[in-house]
There are 2 protein chains.
Amino acid sequence: MNKNTAVTIKDIANALNLSASTVSRALRGMPEIHPETRQAVLQLAEDMDYQPNQLAKNLVKSRTKTIGLILPTLSYHFFASMLNSIEEAAMQAGYSVVVCQTNESYLREVAQIQNLLHSQVEGVIMSLARDTSDFEHIYRLQRKNMPLVIFDRYSTDIDASRVIVDNHEAAFKATQHLIENGCQRLGCMAGPPHLLISNERLRGFKDALEHYGLPYNERYVFHNDFTQENTMMQALNMMSLPTPPDGILTMTDRIAFATMYAFKQKGIRIPEDVAIVSFNNEPTCIYLSPSLTSVNQPIQEMGAQVVRLLLKQLENDQPVVAETIVLSTQLMIRESSMVEGRKK
Amino acid sequence: MNKNTAVTIKDIANALNLSASTVSRALRGMPEIHPETRQAVLQLAEDMDYQPNQLAKNLVKSRTKTIGLILPTLSYHFFASMLNSIEEAAMQAGYSVVVCQTNESYLREVAQIQNLLHSQVEGVIMSLARDTSDFEHIYRLQRKNMPLVIFDRYSTDIDASRVIVDNHEAAFKATQHLIENGCQRLGCMAGPPHLLISNERLRGFKDALEHYGLPYNERYVFHNDFTQENTMMQALNMMSLPTPPDGILTMTDRIAFATMYAFKQKGIRIPEDVAIVSFNNEPTCIYLSPSLTSVNQPIQEMGAQVVRLLLKQLENDQPVVAETIVLSTQLMIRESSMVEGRKK
DNA sequence: AACGTAACCGCAAACGTTTGCGGATGATGT
DNA sequence: ACATCATCCGCAAACGTTTGCGGTTACGTT
């Protein structure tokens with residue numbers, strides 16, 4: 001370990017008959033050091049393979065140059081990709097990121113926040129767990145003036161910067177697409193009932209129905225918990241209603257995958273019997289048969305904006321007002337919703 | 001930020017007319033403190049919402065309780081899942097993990113290692129980038145006695161602990177499965193030619209052919225760079241050989257997905273025209289049509305073993321010998337390889 | 001010859017902890 | 001009465017940096 005061998009600024013200072021402060025200044029290229037001595041210091045530092053001790057540096061500057069990222073889970077493509085783009089953007093800015101997963105659990109979320117608080121991250125980025133409906137832990141974070149930005153799964157009860165997509169519009173357009181392609185009885189596979197973005201999408205779904213004069217029926221709306229079993233069961237239940245839907249909007253691709261899987265096993269044809277439009281546009285969508293129509297979210301852009309908003313809070317020391325960036329989406333139309341024959 | 005308000009051990013000490021050392025000891029429950037004063041300290045710490053400064057603590061103990069994780073990319077399901085399980089296991093042990101992606105680039109790999117060295121992680125876990133064939137940066141890491149464990153993409157030129165699967169055996173069995181299901185002319189979509197695990201799998205493929213007295217032909221082996229375009233092109237090239245293969249082993253699911261996608265567009269039927277067996281067993285495999293036969297790697301177990309090996313090096317201060325754990329795999333048989341009709 | 005002024009560098013404090021050592025206090029044994 | 005010993009606590013150094021302030025040179029100006 002470097003602890004036993006670690007060469008410090010003092011070692012260099014002693015070897016050169018200088019003071020630690022001079023060496024420190026020389027290493028950082030400050031102007032009040034004679035070029036010759038600077039050169040000597042730099043040379044020796046190189047030779048001795050000097051590595052500055054970040055811990056000490058951090059202590060005096062009270063900065064860690066790390067940000068905490070709290071995610072529901074990494075096994076969803078969307079969140080893994082967000083980590084991907086956030087890490088990228090953070091690295092560009094010289095920050096490193098420590099990841100924590102809540103596994104969709106509220107309790108783990110508060111524990112992880114506690115951890116991050118202790119480990120002196122400079123700011124946190126998060127997306128809410130499926131199960132959290134109480135925000136006291138978030139408020140605690142904010143009371144400590146911890147810079148915070150929330151993306152995707154947010155809540156209006158939290159006054160923090162956020163970057164999201166226009167879920168209402170996206171769902172409206174997706175539903176519109178189904179309707180214009182001939183669907184008449186629309187169903188919706190939604191997420192947990194207290195998850196705001198799911199409800200916004202549901203609202204978009206509803207508004208589209210209303211706009212086109214189609215009936216909205218609660219019985220065609222199912223709230224699931226994102227698990228495959230639950231989803232498959234509900235999907236089959238929906239299709240065994242007296243007059244089953246001929247078009248379904250699902251809140252995530254995972255829900256769509258499970259739904260399609262269930263349908264395939266029961267011989268329900270997509271899109272002939274029922275068309276499907278989904279959210280997230282995972283790469284997998286194009287590989288399925290039929291390929292899956294899905295709403296694309298600009299993940300790269302979201303990641304970039306998220307860290308931009310965080311940096312804004314980090315670099316300015318006077319508190320900056322919460323800002324919300326809403327990005328637009330794009331419906332990627334594929335086979336699962338192409339019901340030309342049914343069109344009227 | 002907590003920097004302006006932060007309550008320190010000294011604040012507690014002053015308020016209670018104690019010394020900092022006493023407070024420190026009281027907080028950590030050391031025995032030489034009178035129960036009454038300990039109680040008072042604990043109480044006040046609670047009231048003032050004292051949060052120990054990890055930076056200072058780290059400095060004196062020279063420990064950061066963080067480990068660095070270097071991955072090729074997070075957009076492959078396998079690596080995202082490994083991060084998932086590693087983070088889980090690390091958290092159990094009280095460590096947090098900072099992630100870095102190399103994006104498969106050698107240059108980024110050395111840069112990331114440099115970063116980690118500076119940021120004082122206690123150990124690093126990594127899987128090699130596609131493009132790295134020189135290991136000087138790894139040796140540098142080891143010369144600094146940085147605990148290291150490598151998983152999945154390793155190299156025999158690096159003397160470090162590693163956890164891998166038995167790639168040869170897995171490929172052998174996968175190929176065996178194809179042969180026993182009636183395939184006669186076997187092709188292989190391999191990874192980059194210098195990637196060890198790809199070659200081990202290729203060797204397993206070869207040995208299986210030999211074992212069954214089937215010919216091995218270089219022209220039926222393609223090395224790609226993991227990109228979709230490249231893969232699709234090669235896949236089609238392979239099928240336009242004079243006598244195209246009737247069974248293909250692909251090195252990763254991503255390669256298989258792209259291959260199947262290309263075949264679908266050209267009307268090549270799976271498994272009727274050509275059967276496919278792959279590696280990684282991504283969740284997507286079951287959703288495809290046909291569902292994809294794939295080798296499952298025990299990701300949870302791998303993550304657990306990886307951090308176990310790292311912890312072993314971290315907790316023991318006398319250097320521990322490199323250890324290699326090889327886990328076994330499981331072939332998940334699905335539709336893409338079920339060519340009953342062709343069986344003889 | 002005296003002075004002002006750069007240019008260059010060192011002292012020491014600070015960041016918030018932990019920890020070896022020793023001091024004060026009171027109790028106990030003789 | 002004294003020595004012995006536990007118990008409880010404080011002093012100060014240490015971890016490796018950064019930084020305000022001041023000190024020393026050497027040089028050019030008057």
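Scope of the values below: all heavy atoms of this structure, side chains included, with no hydrogens, waters or symmetry mates. Here is the naming used below: chain letters follow the sequence lines, and residue numbers restart at 1 for every chain.
Listed by chain and residue number, nothing satisfies the side chain to side chain contact (heavy atoms under 4.5 Å, CB included) test with Asn14(A) (two or more places apart in sequence, or in another chain). Evaluation of the side chain to side chain contact (heavy atoms under 4.5 Å, CB included) rule for Gln300(B) yields Ser85(B) as partners, not counting sequence neighbours. A search for side chain to side chain contact (heavy atoms under 4.5 Å, CB included) contacts involving Ala13(B) returns Val23(B), not counting sequence neighbours. When the ring pair (Phe, Tyr, Trp, His ring centres under 6.0 Å) test is applied to Phe135(A), no partner is found at least two apart in sequence or on another chain.
For dG16(D), the OP1/OP2 oxygens have no side-chain nitrogen or oxygen of Thr8(A) closer than 4.0 Å.
For CD of Glu136(A), the number of neighbouring non-hydrogen atoms (other residues, nucleotides, ligands) closer than 6.0 Å is greater than 12.
Taken residue by residue, residues 33-41 of chain B places heavy atoms nearer than 4.0 Å to DNA chain D at Ile33(B), His34(B), Thr37(B).
Judged as a ring-ring contact (aromatic ring centres under 6.0 Å, His included), the pairs with a partner in residues 73-124 of chain B (not counting sequence neighbours) are, in order, Tyr106(B)-His137(B). Sorted by first and then second residue, the salt bridge (Lys or Arg N to Asp or Glu O under 4.0 Å) pairs with a member in residues 73-95 of chain B read Arg108(A)-Glu88(B); sequence neighbours excluded. Residue pairs satisfying the salt bridge (Lys or Arg N to Asp or Glu O under 4.0 Å) criterion with at least one member in residues 49-60 of chain A, sequence neighbours excluded, are listed as follows: Asp49(A)-Lys144(B). Judged as a salt bridge (Lys or Arg N to Asp or Glu O under 4.0 Å), the pairs with a partner in residues 150-163 of chain B (not counting sequence neighbours) are, in order, Glu104(B)-Arg153(B). Listed by first and then second residue, the side-chain hydrogen bond (donor to acceptor under 3.5 Å, both in side chains) pairs that reach into residues 30-39 of chain A come to none, sequence neighbours excluded.
Each end of the helix from dA1(C)-dT30(D) to dT30(C)-dA1(D) gets its own axis from five base pairs, and the two axes differ in direction by 60°, given to 10 degrees.
One distance of note links CG of Asn103(A) with CG of Asp131(A); it measures 10.5 Å at 0.5 Å rounding.
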Do any N or O atoms of the protein come closer than 3.5 Å to N or O atoms of nucleotides 18-22 of chain C, and which pairs are they?
from	atom 1	to	atom 2	distance (Å)
dT18(C)	OP2	Ser24(B)	OG	2.4
dT19(C)	OP2	Arg28(B)	NH1	2.9
dG20(C)	O6	Arg25(B)	NH2	2.9

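Separating the CG atom of Leu18(B) from the P atom of dA24(C) is a distance of 18 Å, rounded to the nearest angstrom. Following rounding to the nearest Å, His118(A) (NE2) and dT17(C) (C1') show an atom-to-atom distance of 15 Å. Protein atom CG of Asp11(B) is 9 Å distant from nucleotide atom P of dG16(C), rounded to whole Å. Distance, Asn53(B) CG to dC15(D) C1': 13 Å, rounded to whole Å. We find that CG of Asn17(A) is positioned 13 Å from P of dC9(C), with the value rounded to whole Å.
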